[in-house]
Every structure is written in structure tokens, then in C-alpha cells.
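For reference, the structure is listed below as C-alpha cells.
Numbering starts at 1 and runs along the sequence shown. What you see is a predicted model; the values in this text were computed from it and never measured.
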Amino acid sequence: MKIKINAPVTIGFVLMCLIVLLITQTSQAILMKYFVTYRSSLMDPFTYIRLISYIFGHSDWSHFTSNMTFILLLGPMIEEKYGSKKLCIMIGITSIIGALLNSLLFSNTALCGASGIVFMMMIVSSITSVKQKEIPLTLILVFVIFIGKEIYSAIIEDDSISQLTHIAGGFCGAYFGLKR
């Protein structure tokens, strides 16, 4: 038996996140400058880089492993169904939308990690056999439960988790999955 690289974008994404985690564990300044998005001057070129680079940064090993577990479970399915190029586009668009929403709506909130990508993948993967003019009940249930939990968490819980990014990722996933 030989090992096959079945999902190059998914594997590359996880490896990039691992490399960034190893580098940023030695310097919080590197994490904040390159791998955390927040409202900053439009004259700063890193403002634009961070619209995507923040998804590679994770605050610690626990944050990293929880996101990467889901990405490694869901990414290969999505990459096989939609292709590597489309998965890259989905990741990029979801990343930019999450960063822009965070910057526009929350002036004092920094954002890092791939949680929005995870939630996009969760919704896309729940749309496995959509036929024309049909929406699977499982998609509706996953979406209602997911959005309901995130709205509840945003209102009730005082934590450092960006529910808005999760919700944006979910909406992006629904769009990508139903658009085909």
C-alpha cells in the first residue's frame, strides 16, 4: 500500500496552519502583525493581507486542533466533489467576508483562526445530493440548529469567540453548496 495525497488543498491548508502555529508560538507579535485581522488603516498593506492570512493563525494548540480536525474530516469530501480550485475560492471568499464583517461591525475585535472556514465546510458538506429545485431537510435542520446556537451564543455568552464569523461561514457554505 502507498499513501495517496487525496486532498492537496485541504492538506496544504492544515500544513500552513501548523507552520504558522509553530512560528507564532514563539512570538505573539508575529501572530498579531500577520495572522490576526482587525480594523486598521486602509493605507497599511497588511490590512489587505490579513483579510486572508488570519485564517492560518490560531491562538493555541487547542484552537488549532479543534479547527483542523473538522477541516481534515470535511475538506477531502468537498475537494473531491467540487475540485481543488473551487475549494480554494470558497476558502478565500469566506475568509474575506468574515474579515470584512468583523472589521465593519466590531471596531475593537481582533479575529484569528479558521472557524468560519469550518462552518462553511459543515454547511457545504451537508449538501451532498441536492437535486434541482430540492433542498434536503438535513440541510435545513443543520442550518437552523447551527444558526440558532450561534445567535444564542452571541446574545447570552460572554466569550472570545466570533459567532458572526461562524454565521458568515454558514451562509457562505449554503451559497456555495446550493449555487453549483
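By the criterion of side-chain heavy atoms lying less than 4.5 angstrom apart, applied directly or through intervening Ile, Leu, Val, Met, Phe, Trp or Tyr residues, I151 is grouped together with V144 in one hydrophobic cluster. Side-chain heavy atoms closer than 4.5 Å link hydrophobic residues (I, L, V, M, F, W, Y) into clusters, and following such links, even through other members, never connects I145 to Y152. Hydrophobic clustering of Ile, Leu, Val, Met, Phe, Trp and Tyr side chains at less than 4.5 Å, counting indirect connections, unites Y54 with L105.
For Y38, the OH atom counts as densely surrounded, since its 6.0 Å shell holds more than 12 non-hydrogen atoms of other residues, nucleotides or ligands.
A search for side-chain contact (heavy atoms from CB on, under 4.5 Å) contacts involving Y34 returns I30, F46, not counting sequence neighbours. Shown here are the ring pair (Phe, Tyr, Trp, His ring centres under 6.0 Å) partners of F171, two or more places apart in sequence or in another chain: F143. With sequence neighbours left out, the side-chain contact (heavy atoms from CB on, under 4.5 Å) criterion links Q28 to L31. Evaluation of the ring pair (Phe, Tyr, Trp, His ring centres under 6.0 Å) rule for F13 yields F56 as partners, not counting sequence neighbours. Scanning for salt bridge (Lys or Arg N to Asp or Glu O under 4.0 Å) contacts around D60 gives an empty result, with sequence neighbours left out.
The hydrophobic cluster containing L15, built from Ile/Leu/Val/Met/Phe/Trp/Tyr side-chain heavy atoms closer than 4.5 Å, also comprises I5, I11.
Residue pairs meeting the salt bridge (charged side-chain N to carboxylate O under 4.0 Å, His left out) criterion with at least one member in residues 98-118: none, sequence neighbours excluded. For residues 83-109, no residue pair satisfies the ring-ring contact (aromatic ring centres under 6.0 Å, His included) rule, not counting sequence neighbours. Sequence neighbours left out, the pairs with a member in residues 31-57 that pass salt bridge (charged side-chain N to carboxylate O under 4.0 Å, His left out) are D44-R50. For residues 5-24, the pairs satisfying side-chain hydrogen bond (donor to acceptor under 3.5 Å, both in side chains) are T10-E79, with sequence neighbours left out. Pairs passing the side-chain hydrogen bond (donor to acceptor under 3.5 Å, both in side chains) check and including a residue from residues 111-123, sequence neighbours excluded, read N67-S115.
Heavy atoms only, all atoms of each residue included: L74 and S125 are closest at CD2-OG, 3.4 Å. The two residues S84 and P8 come nearest to each other via the heavy atoms OG-CG, 3.9 Å. Taking both residues in full, the closest heavy atoms of A174 and I123 are given as N-CG2, 3.3 Å, listed atom of the first, atom of the second, then distance. Closest heavy-atom contact between A7 and P76: CB-CA, 3.8 Å. In terms of heavy atoms, V36 sits closest to A110 at CG1-CB, 3.4 Å. Nearest heavy-atom pair, L18 versus F64, reported as atom, atom and distance to 0.1 Å: N-CE1, 3.5 Å.
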**Item:** Verdict with supporting geometry, T37 and T47, side-chain contact (heavy atoms from CB on, under 4.5 Å)
**Value:** CA-CA 7 Å; T37 189; T47 297; over 6 Å; no

**Message:** Applying side-chain contact (heavy atoms from CB on, under 4.5 Å) to C112 and F35, what does each step give before you reach the verdict?
**Reply:** CA-CA 7 Å; C112 78; F35 302 104; 5.8 Å; no

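Annotation: side chain of Q25 is in contact with side chain of W61 (closest heavy-atom distance under 4.5 Å). Looking at heavy atoms from C-beta onward, I71 lies in side-chain contact with M121 at the 4.5 angstrom threshold. The shortest distance between side-chain heavy atoms of Y48 and L42 falls below 4.5 Å. With contacts defined as side-chain heavy-atom distances shorter than 4.5 Å, the pair K81/K86 does not qualify.
When L111, I117, V118 are each tested for a side-chain contact (heavy atoms from CB on, under 4.5 Å) with T165, only one passes: L111. Partner of H166 under the ring pair (Phe, Tyr, Trp, His ring centres under 6.0 Å) criterion, chosen from F70, F146, F119: F119.
The CG atom of L87 sits 10.5 Å away from the OH atom of Y82 when rounded to the nearest 0.5 Å.
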Under 3.5 Å, which donor-acceptor pairs link side chains of residues 92-103 to any protein atom two or more places apart or in another chain?
unit_1 : atom_1 : unit_2 : atom_2 : d
T94    : OG1    : M90    : O      : 2.8
S95    : OG     : L51    : O      : 2.7
N102   : ND2    : T109   : O      : 3.0

